[in-house]
2 protein chains.
Amino acid sequence: VLIRVLSAGICNTDLEIRKGYVPGFDGIPGHEFAGVVEESDDSSLRGARVTAEINAACGTCEYCRKGLGRHCPNRTVLGIINRAGAMAEYVCVPADTVVRVPDSLSDTQAVFIEPLAAACEILVQIAVNPGHEVLVIGDGKLGLLVSFVLQTTGCSLLLRGHHEEKLSIAADHGIATTTDVSYNRRFDIVVEATGNPAAFADALALVKPRGTLVLKSTYASQVTCNLSKAVVDEITIVGSRCGRFSDALALLANHQLPLERLVTASYPLHEAVKAFAHAEKREALKVVLKN
Amino acid sequence: VLIRVLSAGICNTDLEIRKGYVPGFDGIPGHEFAGVVEESDDSSLRGARVTAEINAACGTCEYCRKGLGRHCPNRTVLGIINRAGAMAEYVCVPADTVVRVPDSLSDTQAVFIEPLAAACEILVQIAVNPGHEVLVIGDGKLGLLVSFVLQTTGCSLLLRGHHEEKLSIAADHGIATTTDVSYNRRFDIVVEATGNPAAFADALALVKPRGTLVLKSTYASQVTCNLSKAVVDEITIVGSRCGRFSDALALLANHQLPLERLVTASYPLHEAVKAFAHAEKREALKVVLKN
């Protein structure tokens, strides 16, 4: 399916890719986007506003058969592994990855479907309920989206970060926030979403015995830590990556999320270099490219 | 309850404690034992052959109320935290930790109740079924006991180690074994039981996407690793420590395990120093002290 791109978001992974995080990929980045279908075998799709699942799976391997195409060893990944991404005038994707964007979402809001799906993945992997005390560490885009998703469970939620501006977006949405790193409290579930490998040991120390640490950050560097704590306290560490777009769309159909407030700036595509520089800034949240 | 000790096993934790693994503990070690009750408020216990749960919990905190006394923050741990252990003529334990040793078990076999309970803990924490391909890494005492426990689930099981002698105990019990570290296969569940921090990265690499790595080893030193693999492949890492003695006894009631073959040597208590030196040897499995 050939899609004319309307908007594409810059993700931290795109910034990491520029630094060589994905050896062997030097193609067009961009895996968060919305566009209009220009060409498709399915004529009903032509002219429709769509996005596409980041993972394009083979459909036949043991993972695909279990509904885990996002772990298909033969998969291509939009703008990351063996497939040109959406930071371009046009992007071409397999028909079975195309997802219609609901009319209720703007082109800009639609770039959040992919990262929101990644946040929703936590609820696919572990049970979170109102009895749980949950801490999210990191007030970047991912930490905020994870907080929005976890808030829907009714759990007792705290978001910890360093940026008052970013935390205020969560606070205005009814989420308790803190910049205090000195408290002694421990949590049933801690979500590490800082992207900083130094945060791992700290996050582990904040989990109660028999609790769960969810790792959303892909650290570019090695982590050094004392894993004996995880054994003695029988902590479960859950690596968590991509989610199902359908989960994100179902969530957006039922909850108003302040996605527009996560947009720091928009740039025309021909100013992509400038846009990337802006996205690298500490205070930046989502930077969007527009065609 | 005052117990006259008949036998006590030397565990790797005891060897680590000698090296200072538990800061602040310089008391009598020993948490695997069998003995005869000499004094007890419960007169029916007098003269009974017993052992005792390693964790003595407060019974009132949030963990105790959930049946997780082994994570009670106020607990004492026999021969490890704030309680003198069983490598002595007598040991004194709280009444609610006392567990009767079935007549079917010898004094020597009874020292395996505690480590076998720790192996059983894996089945309390994760579901293992006949559809799972499972790898246990490490052919020491713990790796062998873990293999015996996992074998009962009917899973497809492979034990990997370096010692033909030790592996033969598992092989004679019907467990597939290997010394080959070069294969390319990956597993649904990998259990790391080597005690060697360098083995962690290797174990992680052998887990399938969405699979589980069970950590049974408490590493004395820090681990350096690339945790991005756990995130990208959404691997769950489960720290696993002590188990319930009742699980071990139920298992022993239903399965004949070659526990005697795990006994490398027995020493009288007054030769404990010699016994520890023997237990330190690479080829040693369980060394038992006898009164």
Side-chain angles (χ1 to χ4, degrees), chain A residues 13 16 21-22 61-63 66-68 70-73 75 77 80-81 118 121-122 124-126 186 188 192-193 195 197 200-201 204 207-243, chain B residues 13 16 21-22 61-63 66-68 70-73 75 77 80-81 118 121-122 124-126 186 188 192-193 195 197 200-201 204 207-243:
Chain A
T13 305
E16 299 270 329
Y21 167 68
V22 182
C61 72
E62 71 169 286
Y63 296 98
K66 286 188 218 163
L68 288 174
R70 51 204 190 279
H71 290 290
C72 168
R75 73 187 183 275
V77 184
I80 301 177
I81 301 173
E121 178 74 349
I122 295 172
V124 174
Q125 295 178 279
I126 66 168
R186 291 172 75 182
D188 299 301
E192 207 301 281
F200 175 79
L204 188 60
V207 184
K208 280 187 192 174
R210 278 289 187 107
T212 302
L213 171 58
V214 178
L215 283 189
K216 286 301 299 185
S217 302
T218 41
Y219 307 121
S221 61
Q222 300 249 311
V223 170
T224 297
C225 58
N226 185 347
L227 281 176
S228 288
K229 189 206 143 60
V231 176
V232 170
D233 284 347
E234 295 195 317
I235 289 167
T236 294
I237 302 168
V238 178
S240 179
R241 188 176 45 103
C242 295
Chain B
T13 304
E16 299 271 328
Y21 167 68
V22 182
C61 72
E62 71 167 287
Y63 297 99
K66 286 187 220 166
L68 288 173
R70 50 203 190 279
H71 290 290
C72 168
R75 72 187 183 276
V77 184
I80 301 177
I81 300 173
E121 178 75 348
I122 294 172
V124 174
Q125 295 179 278
I126 65 167
R186 292 172 75 182
D188 299 301
E192 206 301 282
F200 176 79
L204 188 60
V207 185
K208 279 186 193 175
R210 278 290 187 108
T212 302
L213 172 58
V214 178
L215 283 189
K216 286 302 299 186
S217 302
T218 41
Y219 306 121
S221 61
Q222 301 250 312
V223 171
T224 298
C225 58
N226 184 348
L227 281 176
S228 289
K229 188 203 143 61
V231 176
V232 170
D233 283 347
E234 296 195 317
I235 289 167
T236 294
I237 303 168
V238 178
S240 180
R241 188 176 45 104
C242 296

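Convention: sequence-line order gives letters A, B, ...; per-chain numbering from 1.
Taking chain B as the reference chain and counting heavy-atom pairs below 4.5 Å, the highest number among A:Thr236, A:Ile235, A:Val223 is found for A:Val223.
The nearest pair of heavy atoms linking B:Glu234 to A:Cys242 is OE2-O, 3.8 Å. Taking each heavy atom of B:Asn226 and A:Gln222 in turn, the nearest pair found is CB-NE2, 3.6 Å. Closest approach of A:Arg75 and B:Val232 over heavy atoms only: NH2-CG1, 4.3 Å.
Applying the salt bridge (Lys or Arg N to Asp or Glu O under 4.0 Å) test to B:Asp188 and every residue at least two apart in sequence or in another chain returns B:Lys208.
No part of B:Thr212 comes within reach of chain A, as not one of its non-hydrogen atoms sits under 4.5 angstrom from that chain. The part of B:Val124 that comes within reach of chain A is its side chain, from C-beta onward, which places non-hydrogen atoms under 4.5 angstrom from that chain.
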Original post:
Taking it one step at a time, do A:Arg210 and B:Glu62 satisfy salt bridge (Lys or Arg N to Asp or Glu O under 4.0 Å)?
Top reply: CA-CA 12 Å; A:Arg210 278 289 187 107; B:Glu62 71 167 287; over 6 Å; no
